[in-house]
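Along the sequence shown, residues carry numbers from 1. Computed from a predicted model, the values in this text were never measured in an experiment. Counting starts at 1 for both ligands and their atoms, following the listed order. Quick note: numbers below take in every heavy atom, side chains included, and nothing from hydrogens, waters or symmetry partners.
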Amino acid sequence: MINDIEVIKTKSSKINEVDFDNLKFGSVFSDHMLVCDYKNGKWQAPKVMPYQGITLDPSAKIFHYGQSVFEGMKAYKDAEDNVWLFRPLDNCKRLNISSKRLAIPELPEDYFMEGLKALLEVDKDWIPKKDGSSLYIRPFVFASGEGFHASPADEYKFLICTAPSGSYFSGEVKVLIEEKYSRSANGGVGFAKAGGNYAGQFYPTQLAKEKGYQQVIWTDDNTHEYIEEAGAMNIFVRINDTLITGPTSDRILDGITRKSIIELAKAEGINVDVRKLRVDEVVEAAKNGSLKEMFGAGTAAVISPIAGFGYKGEDYDLPKMDDTYANFLKKRITDIQTNKAEDPFGWRYKL
Ligand SMILES: *Cc1c(COP(=O)(O)O)cnc(C)c1O
């Protein structure tokens, strides 16, 4: 176990410069950050320090070989100013699953959890209270060790930075079902939150945007016949009254929002099918009217409804409905996250 974490406080807080009523997503940063170095074969004591730039040698391996992984999570403040996290140990465990795949040394769980708690304690005034707002938390690890040799670095940095954020509203999202590019492959790193995975998505997403879509629906790399993820979110499709999502694999990331939605929907008596989903099946359902909803699921947006999709040059609109699973489940999950509803699952974590 780690002992008390050293805290070096900023001399000039930026909090009064922030308009907490008009927050965007992830664009202003709180006063402090957690920093923990890996050197001489072990993780050193984490410490909280003022948010500031980092100096790296130009040969640091992160720049050349992309050895980096990250997480995304949120802290919420309830009406009584209690601070809550949502399944934080799952983020900690997943960071290590990602690290292992990228040959990054795994971090002791208490460094992550105690470091996070110490950071949030110092910056708790940065956690917004307004409905829909939260403190977005970005833990990440990267190779700071030096040298052009293509091998794992001998030094790493683990940081946690936070950003007070407003609700992530994406509007009417039209998506393009991808027929050429892939996000991930069997045996690859798609299940990890590895920085390079997202760089690889930018170009195909730019092409989709030029065609008038906001996001790409990733299909399997081999045949492009199965629906896998929606941008950097997991995807759910509702056909008649059944909610369908693909099974996690080398290619599909094990999202905490995804698994929470599956459990919550089942508990609410909604039929959930975790199985491979053919593009053909979704196109057919759109044609015969049994396709009711599609939505992305992830920490940032929680649930992001899809208004229509393009596939092989045809556009398909989804019906506009009042009672959607998307709205219902989003409210259920955010009520649990923000301590507005009972948490029968034990997901909420009080700071
Ligand atoms: C982070 C991520 C998700 C969502 O995971 P959550 O734990 O729900 O935030 C889904 N797909 C990809 C590719 C991701 O990177």
Taking the minimum heavy-atom distance to [atom], which of [options] ranks first?
| atom | options | result |
| --- | --- | --- |
| atom 13 (C) of ligand 1 | M233, R87, R183 | R183 |
| atom 7 (O) of ligand 1 | I256, T248, N197 | I256 |
| atom 5 (O) of ligand 1 | G298, G255, A192, G190 | G255 |

When distances are taken from atom 2 (C) of ligand 1, the protein heavy atom at minimum range is K193 NZ, 2.6 Å
Could you find the nearest protein heavy atom to atom 8 (O) of ligand 1 and give me its residue, atom name and distance?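 In this structure, atom 8 (O) of ligand 1 has T257 OG1, 2.6 Å as its nearest protein heavy atom.
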Between F236 and F295, how do the two ring planes meet: parallel, tilted or perpendicular, split at 30° and 60°?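 Parallel: the ring planes of F236 and F295 meet at under 30°.
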Give me the ring orientation class for W43 and Y38: parallel if the planes are under 30° apart, tilted from 30 to 60°, perpendicular past 60°. perpendicular
So is G72 in contact with ligand 1, going by heavy-atom distances below 4.0 Å?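 No, G72 has no heavy atoms under 4.0 Å from ligand 1.
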Using the ring of F142 (Phe, Tyr or Trp, six-membered ring only), decide whether K157 places NZ or CZ under 6.0 Å from its centre and within 45 degrees of its axis. no
Quick one: does [X] get an N or O within less than 3.5 Å of an N or O on ligand 1?
| X | result |
| --- | --- |
| Y198 | yes |
| R94 | yes |
| D254 | no |

Side-chain contact test, heavy atoms from C-beta onward, threshold under 4.5 Å: evaluate it for I62 versus Q67 and give yes or no.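 A side-chain contact is absent here, since even the closest heavy-atom pair is not under 4.5 Å.
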Is the shortest side-chain heavy-atom distance between V282 and Y311 below 4.5 Å?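 No. Closest side-chain heavy atoms not under 4.5 Å.
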Contacts of D19 that satisfy side chain to side chain donor-acceptor pair (under 3.5 Å) - sequence neighbours left out: N22
When rounded to the nearest 0.5 angstrom, what is the spacing between CG in D220 and CD in E225? 7.0 Å
Tell me whether the centres of the aromatic rings in Y136 and F25 are closer together than 6.0 Å. yes
What atoms of ligand 1 come within less than 4.0 Å of a heavy atom belonging to T299? 6 (P), 7 (O), 8 (O), 9 (O)
Under 4.0 Å from a heavy atom of E229: give me the atoms of ligand 1 that qualify, with their elements.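 Listed by number with element: 10 (C), 11 (N), 12 (C), 13 (C).
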